[in-house]
Amino acid sequence: MTPPKSIIILGGGTAGWMAANLLAHHWSDRGVKITLIDSADIGIIGVGEGSTPQLKAFFDILGVTERQWMPQCNATYKLGINFEGWSNRHGFDRYFHPFQSELDGQILPAFYYNALARRTARNVPAHPDLFFLPTKLARMGNGPIAKNGYPHQLSYGYHFDAHLVGQFLKKLALDRGVRHLDRKINSASLNTMGEIDAIIDEDGGEYRADFFIDCSGFRALLIQKSLNEKFISYGDMLFNDSAVVMPTLPAMAADKGPNNYTGARALSSGWLWNIPLTNRTGNGYVYSSHYQSDDKAEIEFRTEIGALEDKGHVRHLKMKVGRVENSWVKNCMALGLSQGFLEPLEATAIHIVLATMEKFIAQYNNPENTDIADAQAIFNEDIGRRYDGICDYIVAHYKLNQRHDTQYWRDNAQNQNLSPSLKQIITTWFTAGDLTREIGRQNISSYYSSLSWHCLFSGYGIFPMEDKMIPAGDDIRHYDMQEIENFLADHADNFPSHAELLGKL
Ligand SMILES: Cc1cc2nc3c(=O)[nH]c(=O)nc-3n(C[C@H](O)[C@H](O)[C@H](O)COP(=O)(O)OP(=O)(O)OC[C@H]3O[C@@H](n4cnc5c(N)ncnc54)[C@H](O)[C@@H]3O)c2cc1C
């Protein structure tokens, strides 16, 4: 399989410019011509400011250093997500979901063991915050990059200004030979095989290529409007369909700098994000319009972020939650919001953009692939499974919530629209089964690892025999929690404050 000779990317949001850069990096020396067409009049969605460690991998592939991109995009480091108010169980009103690093392997056995012991009614500590270095660093306000000589590397993501990242990526792509056109595209013409022949702008101008990447956002102009690819809604599992967003002044401790984690606080009909940048805090309330009107959501949102009296402008957004059945159809691949969206709870959208692009390029670069239809089928199966796997993890946050104070949370807890995979994971947990083995059996650990699943269940404090707890006797192993705390504190000492790290950039 040789790569298409010419590729048009429709859309210049984060997805479009990420695709342009990756294609230029991998294929420009193979003569592939890359053109990106977008419309300044339409603009980009401009939200999506938290990432997973995949964004670091993306910049590493392109050879872009943090010093080159982070200060230009007001970016900060992210060690994980702080969940607050998702459970009303005593002692479990908040927990931290860290990005997993190699060092965690030394402590994981104790965490998993205690979580299992607690599921069998032994009164041992099993709150995830007691076990992980990123959590410790987040609470201390330290950054994720250690001083020289420290032998371990932590996984981390970033927070950033989506508009500025877009501009940075655009410049990078143009410098690497990508052509850019500002045109508003109205339609596409298809050939007799049903493939896209050309896309057509509002003045009738036609743009032809061998392959098209649809990065037109929620509009999904090519994959859905032209090629009619089926959209699979996740709406019966994920109720949130709206968001209201507004930035506030940066909140930071004088000597520590901005927070190094995303805040995810449960509210009456959804949850509130706080994303700390160097110059502001991004805030957004993601909610379900079936349970709360936009006006009421805005009032609750403004109250929570202390902006009730502030006349500052909020933006209301609608979200289409689900995915296209196949991301790659004929000579078109959907990428970004046109491909699917899961709501931003775990900030996975940019992560999936990169995973999709890597998989797409790998299909052509794999010398064993000779048949495009086979490669396409494998690709679509893989991407679909990835979406569904990530969806299950996000759904679990709602299904397992321990609030029950509003109809929204009660309905989420009652929701029976769960995939067989998620049902099995929940059953495994509540029957004191081996969760790690179950995740391995289902082959889903590359979407969310056993650590992530353990953090979610344990972080909510949902241990099936919690009310029948007995003191832990000699029949189980006792991990010395002070020793674990000392281990974490010793390692944490090697990490400078977040402010110091940002200052070095
Ligand atoms: C509320 C919310 C919060 C989010 N939070 C996160 C997060 O924390 N982390 C994360 O990873 N992701 C997040 N996302 C997702 C993230 O915003 C997107 O994945 C990311 O911005 C990529 O968007 P995109 O490039 O697909 O679409 P867009 O940014 O919408 O870009 C679409 C592009 O298509 C162009 N276009 C559209 N129609 C036409 C036309 N007719 N002619 C020419 N050009 C056209 C536009 O001009 C634009 O350039 C969030 C999304 C929402 C809705």
Side-chain angles (χ1 to χ4, degrees), residues 8-20 35-55 58 78 81 157-163 165-167 169-170 180-188 199-203 205 207 212-226 240-246 262-264 270-275 277 282-287 301 314-321 323 327 334-357 390 394:
I8 288 180
I9 300 165
L10 174 60
T14 317
W17 286 116
M18 283 180 82
T35 306
L36 186 145
I37 302 178
D38 67 357
S39 159
D41 287 347
I42 294 175
I44 66 167
I45 191 160
V47 281
E49 306 201 316
S51 86
T52 67
Q54 281 297 97
L55 190 60
F58 168 74
K78 172 177 169 186
I81 305 175
Y158 306 98
H159 306 113
F160 47 85
D161 181 318
H163 284 277
V165 164
Q167 286 166 24
L169 292 178
K170 178 177 176 180
H180 174 232
L181 299 171
D182 184 347
R183 302 278 190 282
K184 188 169 175 204
I185 299 300
N186 274 355
S187 58
I199 57 176
I200 304 160
D201 72 19
E202 53 190 352
D203 301 320
Y207 307 90
F212 294 82
I213 302 188
D214 184 353
C215 296
S216 63
F218 280 133
R219 288 177 181 80
L221 274 183
L222 304 183
I223 195 78
Q224 282 186 58
K225 300 240 165 64
S226 302
N240 296 342
D241 59 1
S242 306
V244 50
V245 303
M246 179 186 183
T262 300
W271 63 279
L272 170 76
W273 82 68
N274 300 117
I275 292 192
L277 308 190
N283 308 288
Y285 178 20
V286 180
Y287 60 96
F301 173 58
V314 299
R315 279 174 69 203
H316 285 269
L317 300 166
K318 290 293 161 201
M319 308 183 307
K320 199 163 106 185
V321 179
R323 66 169 170 96
S327 292
L335 187 72
L337 295 175
S338 67
Q339 176 189 18
F341 185 54
L342 282 166
E343 86 132 90
L345 185 59
E346 288 281 343
T348 45
I350 290 168
H351 179 111
I352 300 179
V353 166
L354 186 60
T356 303
M357 278 308 294
I390 295 174
I394 296 175

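Indexing begins at 1, ligand by ligand and atom by atom, following the structure's order. Heavy atoms only: backbone and side chains are in, while hydrogens, waters and symmetry mates are out. For the single chain, residues carry numbers from 1 onward in sequence order.
- Less than 4.0 angstrom separates some heavy atom of Ile350 from each of these atoms of ligand 1: 10 (C), 11 (O).
- Residue, atom and distance of the protein heavy atom nearest to atom 38 (N) of ligand 1 are Arg219 CD, 3.4 Å.
- By the 3.5 Å distance cut-off applied to N or O atoms, Ile42 is not counted among the residues near ligand 1.
- The distance criterion of under 3.5 Å between nitrogen or oxygen atoms is met by Leu337 with respect to ligand 1.
- With Glu346 as the fixed residue, the side-chain contact (heavy atoms from CB on, under 4.5 Å) test singles out one of Ile81, Thr262, Ile390: Ile81.
- Residue-level proximity to ligand 1 for Thr262 is absent, since no heavy atom of it falls below 4.0 angstrom.
- If you check which protein heavy atom lies closest to atom 28 (P) of ligand 1, you get Ile45 N, 3.7 Å.
- Among protein heavy atoms, the minimum distance from atom 16 (C) of ligand 1 is reached at Val47 O, 3.8 Å.
- Only the side chain of Ala243 comes within 4.0 Å of ligand 1, counting heavy atoms alone; its backbone N, CA, C and O stay farther away.
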May I have the step-by-step check of side-chain hydrogen bond (donor to acceptor under 3.5 Å, both in side chains) for Glu202 and Asn186, ending in yes or no? CA-CA 6 Å; Glu202 53 190 352; Asn186 274 355; 5.4 Å; no
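- Of the listed residues (Ile9, Leu337, Ile223), just one forms a side-chain contact (heavy atoms from CB on, under 4.5 Å) with Asp214, and that residue is Ile223.
- Between the side chain of Ser327 and the backbone N or O of Thr356 there is no donor-acceptor pair closer than 3.5 Å.
- Nearest non-hydrogen protein atom to atom 42 (N) of ligand 1 is Ile185 N, 2.9 Å.
- Neither the backbone nor the side chain of Ser51 has a heavy atom within less than 4.0 Å of ligand 1.
- Here Gln54 contributes atom CD and Leu354 contributes atom CG; the two are 5.0 Å apart, rounded to the nearest 0.5 Å.
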Start with the C-alpha gap between Phe58 and His351, add the side-chain angles, then the distance that decides, and say whether side-chain contact (heavy atoms from CB on, under 4.5 Å) holds. CA-CA 9 Å; Phe58 168 74; His351 179 111; over 6 Å; no
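- Among Gly282, Gly336, Ala15, the residue whose heavy atom lies closest to atom 22 (C) of ligand 1 is Ala15.
- No hydrogens or angles considered: nothing links the side chains of Asp41 and Ser39 as a donor-acceptor pair under 3.5 Å.
- Remark: the Gln224 side chain and the Ser338 side chain contain no N/O donor-acceptor pair separated by less than 3.5 Å.
- Within the listing of ligand 1, atoms 29 (O), 48 (C), 49 (O) sit less than 4.0 angstrom from a heavy atom of Ile44.
- In this structure, the separation between OG1 on Thr14 and CG on Leu169 is 7.5 Å, given to the nearest 0.5 Å.
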Report the C-alpha separation of Asp38 and Leu10 in whole Å, then their side-chain angles, then the decisive distance to 0.1 Å, and conclude whether the side-chain contact (heavy atoms from CB on, under 4.5 Å) test is met. CA-CA 6 Å; Asp38 67 357; Leu10 174 60; over 6 Å; no
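- Between Phe160 and Tyr158, the ring center distance fails the sub-6.0 Å criterion.
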Applying side-chain contact (heavy atoms from CB on, under 4.5 Å) to Thr35 and Leu181, what does each step give before you reach the verdict? CA-CA 8 Å; Thr35 306; Leu181 299 171; 4.1 Å; yes
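- At least one heavy atom of Phe341 sits closer than 4.0 Å to an atom of ligand 1.
- In this structure, atom 37 (C) of ligand 1 lies nearest to the protein heavy atom Ser216 O, 3.5 Å.
- At least one heavy atom of Cys215 sits under 4.0 Å from some atom of ligand 1.
- Under the 6.0 Å cut-off for aromatic ring centres, His159 and Trp273 do not qualify, their centroids lying 6.0 Å or more apart.
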Decide side-chain contact (heavy atoms from CB on, under 4.5 Å) for Val244 and His316; before the verdict, give the C-alpha distance in whole Å, the side-chain angles of both, and the deciding distance to 0.1 Å. CA-CA 4 Å; Val244 50; His316 285 269; 3.7 Å; yes
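- With ligand atoms numbered from 1 in the order given, ligand 1 contributes 42 (N), 43 (C) to contacts under 4.0 Å with heavy atoms of Arg183.
- Of all atoms in ligand 1, listed by their number and element, those nearer than 4.0 Å to a heavy atom of Trp273 are 1 (C), 3 (C).
- Every atom of ligand 1 is numbered from 1 in the order shown, and the set under 4.0 Å from a heavy atom of Ser39 is 43 (C), 44 (N), 47 (O).
- Scanning the protein heavy atoms around atom 15 (C) of ligand 1, the nearest turns out to be Ala349 CB, 3.5 Å.
- With a 4.0 Å heavy-atom cut-off, ligand 1 is reached by the side chain of Leu221 but not by its N, CA, C or O.
- Relative to atom 48 (C) of ligand 1, the option among Gly16, Gly11, Gly43, Gly217 with the closest non-hydrogen atom is Gly43.
- Atoms of ligand 1 lying under 4.0 Å from any heavy atom of Glu49, numbered from 1 in the order shown and given with element: 7 (C), 8 (O).
- Here the shortest heavy-atom distance to atom 7 (C) of ligand 1, taken over Gly48, Ala220, Gly166, Ala334, belongs to Gly48.
- The protein heavy atom nearest to atom 3 (C) of ligand 1 is Pro344 CG, 3.4 Å.
- Taking every heavy atom of Gly12 and a limit of under 4.0 angstrom, the matching atoms of ligand 1 come to 33 (C), 48 (C), 49 (O).
- Here the side chain of Trp271 pairs no donor or acceptor atom with the backbone of Ala264 at under 3.5 angstrom.
- If you number the atoms of ligand 1 from 1 as listed, the ones under 4.0 Å from a heavy atom of Gly50 come out as 7 (C), 8 (O), 9 (N), 10 (C), 11 (O).
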